[in-house]
Amino acid sequence: MSLAARKLATYADVLAAPPNRVAEVLLGELRLSPRPARRHGHAASVLGMDIGSAFERGRGGPGGWVIFDEPELHLGADVVVPDLASWKRDRFPVSGAEEVYFTTAPDWVCEVLSKATARYDRTDKLTIYAREGIPYVWLLDPVLRTLEVFILDAGRWALHGTYRDDQLVAAPPFEAVPLELAALWSPGSETDPQPGE
């Protein structure tokens with residue numbers, strides 16, 4: 001069925017989704033994902049704490065950013081929920097504090113890959129993020145224990161670097177404070193596969 005012939009998903013579909021699912025509208029299609037597994041949640045939480053301390057709170061780092069876990073982004077007709085997103089403080093939308101979503105594209109997004117989401121994180125979401133001019137995207141894989149850092153260059157994603165295991169990473173836009181990848185992996189993550197990952 002062609003895109004023109006099928007009914008495009010809307011925010012009403014997101015609101016009607018089951019509460020135990022993450023609902024997104026990606027390029028006109030409703031996507032429902034399971035809530036993150038523990039390994040996924042741990043990686044996102046630790047990354048958010050490390051970046052937030054240095055780059056939002058200014059503890060041992062430059063500050064100047066506002067960081068959110070799982071923000072709901074309304075980017076055109078798309079409704080996207082990245083694992084982490086951050087805005088430079090001078091671009092952070094201060095109006096609409098009571099809203100549950102953002103319409104201003106962030107300056108950085110991190111997707112934590114899982115078996116259920118990797119296909120769309122690498123395709124539809126990267127397409128949306130490029131269209132919206134988000135300058136930096138990180139793809140974090142807690143199963144493979146890797147981090148891929150992408151920079152938007154003339155509307156296309158350029159791979160800045162791929163890191164793994166216990167490397168110390170100084171990657172844009174947060175290169176001012178190196179990140180210890182080993183801290184992101186759950187204890188036993190190299191030998192303890194979990195359902196849904």
Side-chain angles (χ1 to χ4, degrees), residues 22 24 26-27 36 40-76 78-94 101-114 117-142 144-165 167-185:
V22 177
E24 300 175 289
L26 305 178
L27 304 177
H40 179 125
H42 181 266
S45 294
V46 174
L47 179 60
M49 286 188 289
D50 285 355
I51 290 174
S53 181
F55 292 92
E56 180 162 350
R57 307 231 19 229
R59 291 182 172 174
W65 291 76
V66 178
I67 298 167
F68 271 78
D69 296 330
E70 296 186 352
E72 185 176 299
L73 308 177
H74 289 217
L75 305 175
D78 298 299
V79 179
V80 186
V81 182
D83 292 288
L84 292 162
S86 186
W87 291 258
K88 291 180 181 173
R89 192 167 296 281
D90 62 357
R91 287 193 65 252
F92 184 71
V94 293
Y101 58 84
F102 295 90
T103 57
T104 301
D107 296 295
W108 169 82
V109 165
C110 179
E111 295 289 356
V112 181
L113 305 179
S114 69
T117 66
R119 177 178 174 197
Y120 302 107
D121 291 341
R122 290 187 173 283
T123 57
D124 298 358
K125 284 188 172 184
L126 283 179
T127 297
I128 293 164
Y129 296 153
R131 181 195 72 209
E132 296 298 319
I134 296 172
Y136 305 98
V137 171
W138 289 12
L139 299 179
L140 184 66
D141 189 327
L144 297 179
R145 298 163 53 111
T146 60
L147 171 65
E148 297 168 87
V149 174
F150 293 90
I151 299 175
L152 193 63
D153 182 16
R156 300 178 68 109
W157 292 113
L159 180 63
H160 172 79
T162 303
Y163 311 92
R164 65 181 177 82
D165 298 326
Q167 285 184 278
L168 193 62
V169 177
F174 303 121
E175 61 266 42
V177 178
L179 172 70
E180 296 176 31
L181 281 188
L184 306 181
W185 319 133

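Positions are given from 1 along the sequence. Keep in mind it's a predicted model, so treat the numbers as computed, not measured.
Note that CG of D153 is 12.5 Å distant from NE2 of H160, once rounded to the nearest 0.5 Å. Atom CD1 of I128 is separated from atom CD1 of I134 by 9.0 Å, given to the nearest 0.5 angstrom. How far NZ of K125 is from CG of L26: 6.0 Å, rounded to the nearest 0.5 Å. To the nearest 0.5 Å, the span separating CD on Q167 from OG1 on T162 amounts to 9.5 Å. For the atom pair CG of L73 and CG of D78, the computed distance is 10.5 Å after rounding to the nearest 0.5 Å. Rounded to the nearest 0.5 Å, atoms OG1 (T104) and NE2 (H74) are 12.5 Å apart.
Nearest heavy-atom pair, W185 versus T146, reported as atom, atom and distance to 0.1 Å: CH2-N, 3.7 Å. The two residues R89 and W65 have their closest heavy-atom pair at NH2-O, 3.1 Å. In plain terms, the two heavy atoms of V177 and F55 that are nearest each other are N-CZ, 3.8 Å. The nearest pair of heavy atoms linking E72 to V79 is CG-CG1, 3.9 Å. In terms of heavy-atom proximity, R131 sits nearest to L75 at NH2-O, 3.0 Å. The two residues P172 and W138 come nearest to each other via the heavy atoms O-NE1, 3.0 Å.
Between L168 and L181 there is no side-chain heavy-atom pair separated by less than 4.5 Å. The closest side-chain heavy-atom distance from L139 to F150 is below 4.5 Å. No side-chain heavy atom of V149 sits under 4.5 Å from any side-chain heavy atom of F174. Side-chain contact between C110 and D83 is absent, with no heavy-atom pair separated by less than 4.5 Å. Two residues are said to be in side-chain contact when any heavy atoms from C-beta on lie closer than 4.5 Å; L179 and L47 meet this criterion.
Annotation: F92 is in aromatic contact with W87 [ring centroid separation under 6.0 Å]. No close placement of the Y129 and W157 rings is indicated, their centers lying 6.0 Å or farther apart.
Counting only distance, with no hydrogens or angles, the side chain of E56 and the backbone of V66 share no donor-acceptor pair below 3.5 Å. Between the side chain of D121 and the main chain of L113, no donor-acceptor pair closer than 3.5 Å is present. Although no hydrogens or angles enter the test, the distance criterion places no donor-acceptor pair under 3.5 Å between the side chain of S53 and the main chain of D50. No side-chain donor-acceptor contact under 3.5 Å links D69 to the backbone of L84.
Checked for salt-bridge contact, D165 and R145 meet the test: a charged N lies under 4.0 Å from a carboxylate O. Under a 4.0 Å N-O distance rule, the pair R164/E148 does not qualify as a salt bridge.
Open room surrounds CZ on R119; 12 or fewer heavy atoms of other groups in view lie less than 6.0 Å from it. No more than 12 heavy-atom neighbours from other residues, nucleotides or ligands sit within 6.0 angstrom of CD on E180.
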